[in-house]
Amino acid sequence: MAKELTSREDNYSQWYNDLVTKADLAENSAVRGCMVIKPYGYGIWERMQQALDKMFKDTGHENAYFPLFIPKSFFSKEASHVEGFAKECAVVTHYRLKNDPNGKGIVVDEDAKLEEELIVRPTSETIIWDTYRNWIQSYRDLPLLINQWANVVRWEMRTRLFLRTAEFLWQEGHTAHATKDEAIAEAEQMLRVYAEFAEEWMAVPVLRGVKSPNERFAGAIETYCIEALMQDGKALQAGTSHFLGQNFAKAFDVKFLNKENKLDFVWATSWGVSTRLMGALIMSHSDDNGLVVPPKLAPVQVVIVPIYKNDEQYERISERANEIKKALENKGIRVKYDGRTTQKPGYKFAEWELKGVPLRLAIGPRDLENNTVEVARRDTLEKESLLQQNLEQKVANLLEQIQKNLYQKALDFRNENTFKVDNWSDFKDRIEKGGFVMAHWDGTSETEQKIKEETKATIRLIPIEGYREEGNCIYSGKPSVQRVYFARAY
RNA sequence: CGGGGCAUAGCGUAGUCCGGUUAGCGCGCCUGCUUUGGGAGCAGGAGGUCGCAGGUUCGAAUCCUGCUGCCCCGACCA
């Protein structure tokens, strides 16, 4: 295993890449822009899936699965939707290969051309709404609350592990409602679910709000979002929830009879989070020693490392370690006993630190003597010696503390890096240094565009609730009713 | 898709300008001994169609032509 991690200060994006590969989360594959998610990384993703899936079910949703391929014609039915995705679609044009007549391997069989090309889904609104048409006739069929776990493909120009890959894993919820208010309530509810997940499970504090028209999802009336701040001062969109109005219902002719026996188009939402959350997790908590995983999502919450000088000691320590492991597991804690005899303790310490395991227990001859165990916290890197009595409770408490501490640290960081700015030169200066900048904006796309061109900063979100404040646009000087959050983003 | 760069062992690289024996080094890997409370030491060993296809030459990692792939910077994006 390669040892040294590039430091964040030396080269932040190199640090990120090193970390993802060295902590065994993922690696680049033979296919450009597509990654291989390794077992350890996938283990974290599975934890995320489980927690989210439960939250979706608790809010009344069911899982289903729709096809990977979408007929090309479906895409042209919702105008702004095509426009948003057309430039990054993978297209299936043929269904057969044959041996090259010139003997150069295998080639596409031109005779096997599809009548209608198939698009590899970049998102599933179109195929799902085409299906919903047959599922919905009456208000009694509503609401329809469905989620799917899937992979999607967006042919991105430049990719980065987890943050932007050509293929990524996600969930997409697609709901249909009888009224506008109900659909809006659904979109807002799912945003709350995402925010709660980010904060309570990932320990990543997020801002909630809506996107400006420029940044809105293709085909949406309103896009709600959560935004997190990464350690390098750039913002990351961590989840979105869209109120789609009747756009897709009209495009796919999904009508229902309401209680008054009148035909109406249904109201829609869609919402999703992706493996990008892995990127948010990594960049929120990790340090120059490697990954830091919040206990609630850690595949391994506690690792036990034995320290010994001979076989006899190894046997005795292993026995004790396995007893402790069992006791912890009985309390629902995920424990790994690293009894490898092929690596030295120092090596194991470094390796588990790199992988971000929240707590490490070391047991050596001294601990056997004294009935103690050395406990090391990944978040603070502090070590202390604890008596083995009632260790389960102490460990459980520590895990809880670590979870809270990670959230608090990330929150403090965000607060320290959120600034109110009231004039253009301060704005440019502040954006250059990173962080969220709260500033007045005149509400026009033109201004937003100009600001983006001149500073690379975008409006990350417009707060939904909270205080209103009169002011003047940072760029145009025109009147504004509230501050919005600007940042450079991933 | 524009601009720049790179391609040599699993990874990172030297050698390429100026052609010349068995292509060198570090990490990792294998074997043995000594080690084990923060990434061990010593000794021995395995591993290479030098991205691909042509060409020049007595001789090509090195020179020429064509191709392919990747990386970085822009425009695009969850």
Side-chain angles (χ1 to χ4, degrees), chain A residues 1-6 11 13-14 17-18 21-22 27-33 83-89 104-105 122-123 150-160 162-172 194 211 214-218 220 223 225-228 235-242 270-280 289-290 305-311 313-314 317 338-354 360-370 372-376 381 383 385 452-453 456 458 460 489-490:
Chain A
M1 171 172 298
K3 308 296 184 202
E4 288 302 317
L5 203 58
T6 306
N11 184 339
S13 65
Q14 185 68 45
N17 286 333
D18 279 5
T21 52
K22 288 178 181 172
E27 62 190 28
N28 281 308
S29 72
V31 184
R32 192 204 76 99
E83 204 187 309
F85 287 104
K87 284 168 288 180
E88 49 185 29
C89 285
K104 295 198 169 178
T123 179
N151 59 338
V152 289
V153 169
R154 296 182 190 175
W155 213 261
E156 301 289 352
M157 294 301 177
R158 293 186 55 212
T159 59
R160 291 192 69 195
F162 289 118
L163 294 174
R164 188 182 305 113
T165 47
E167 179 194 16
F168 56 94
L169 306 183
W170 77 347
Q171 59 69 218
E172 46 181 327
Y194 287 155
K211 286 293 184 193
N214 271 359
E215 300 277 326
R216 217 173 259 159
F217 176 75
T223 288
C225 66
I226 53 172
E227 291 275 333
L236 183 77
Q237 178 172 309
T240 48
S241 177
H242 315 290
S270 71
W271 29 274
V273 294
S274 72
T275 35
R276 175 180 260 198
L277 288 178
M278 292 286 291
N289 297 314
V305 177
I307 292 151
Y308 55 93
K309 294 208 189 313
N310 52 52
D311 288 355
Q313 276 184 0
Y314 178 75
I317 290 166
D338 186 355
R340 287 178 294 176
T341 54
T342 49
Q343 317 292 351
K344 298 194 2 169
Y347 180 94
K348 294 177 185 174
F349 290 176
E351 182 175 306
W352 292 113
E353 218 155 72
L354 182 59
R360 181 186 71 235
L361 307 186
I363 305 174
R366 287 206 302 267
D367 297 300
L368 278 193
E369 291 287 317
N370 305 329
T372 55
V373 55
E374 184 192 80
V375 180
L381 297 171
K383 291 193 281 198
S385 190
K452 186 178 178 183
E453 280 162 21
K456 291 184 188 158
T458 48
R460 299 320 303 159
Y490 274 94

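In what follows, every chain begins at residue 1, and chains take the letters A, B, ... in the order their sequences are listed.
With a cut-off of 3.5 Å on both Watson-Crick or G-U wobble distances, the partner of B:C29 is given as B:G45. When Watson-Crick and G-U wobble pairs are counted only if both distances are under 3.5 Å, B:A40 pairs with B:U34. Across the strands present, B:C77 finds no partner; the criterion is a Watson-Crick or G-U wobble pair with both atom distances under 3.5 angstrom. Summarising the base pairing, B:G69 is matched to B:C6 through a Watson-Crick or G-U wobble pair whose two defining distances lie under 3.5 Å.
Each of A:V152, A:V153, A:T159, A:N151 was scored for a side-chain contact (heavy atoms from CB on, under 4.5 Å) with A:F168, with one residue passing: A:V152.
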Just by protein heavy atoms under 4.0 Å, how would nucleotides 71-78 of chain B read 5' to 3' in B, S and -? --SSBBBB
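Ionic pairing of A:R360 and A:E353 is present here: one or more N-O contacts between side-chain nitrogen and carboxylate oxygen are shorter than 4.0 angstrom. In summary, A:K87 and A:E156 do not engage in a salt bridge, as defined by a charged side-chain N under 4.0 Å from a carboxylate O. A:E351 has a carboxylate O that lies under 4.0 Å from a charged side-chain N of A:R340, or vice versa, which qualifies the two as a salt bridge.
With C1' as the reference atom, B:A46 and B:U65 are 38 Å apart, rounded to whole Å. Separation of the C1' atoms belonging to B:A7 and B:G48 is 15 Å when rounded to the nearest angstrom. Taking the C1' atoms as reference points, B:G4 lies 47 Å from B:C42, given to the whole Å. Spacing of C1' atoms, B:U8 relative to B:G69, comes out at 16 Å, to the nearest Å. Only the C1' atoms considered, B:U16 is 13 Å distant from B:C6, to the nearest whole Å. Straight-line distance between the C1' atoms of B:C17 and B:U22: roughly 26 Å, to the nearest whole Å. Taking atom C1' on both B:A23 and B:A9, the two are 11 Å apart, rounded to the nearest angstrom. Using C1' as the reference atom, B:C27 and B:G59 are 34 Å apart when rounded to the nearest Å.
Counting to the nearest Å, the C1' atom of B:G39 and the NZ atom of A:K22 are 12 Å from each other. Between the CD atom of A:E351 and the C1' atom of B:G38 there is a distance of 13 Å, given to the nearest Å. Regarding A:I307, its CD1 atom lies at a distance of 13 Å from the P atom of B:A40, rounded to whole Å. One atom, CG of A:D18, and another, C1' of B:G12, lie 12 Å apart when rounded to the nearest Å. Protein atom CD of A:Q313 is 10 Å distant from nucleotide atom C1' of B:U36, rounded to whole Å. Nucleotide B:G37 holds its P atom 17 Å from the CG atom of A:L361, rounded to whole Å. Atom CZ in A:R340 sits roughly 15 Å away from atom P in B:G39 (whole-Å rounding). Rounded to whole angstrom, the span from the NZ atom of A:K344 across to the P atom of B:G38 amounts to 9 Å.
When all heavy atoms are compared, the tightest approach of A:T372 to A:S385 is CB-OG, 3.6 Å. Here the closest heavy-atom approach between residue A:T6 and residue A:D18 is recorded as OG1-OD2, 2.6 Å.
Of the listed nucleotides (B:U36, B:G38, B:G39), B:G39 has the atom at the smallest distance from the side chain of A:Y347.
Using a 30° and 60° split on the angle between ring planes, A:H242 and A:F217 fall in the parallel class, below 30°.
The ring of A:Y490 has its center no closer than 6.0 angstrom to the ring center of A:F162.
Note on A:Q343: nothing from the nucleic acid sits closer than 4.0 angstrom, heavy atoms only. Here A:D367 lies in heavy-atom contact (under 4.0 Å) with a base.
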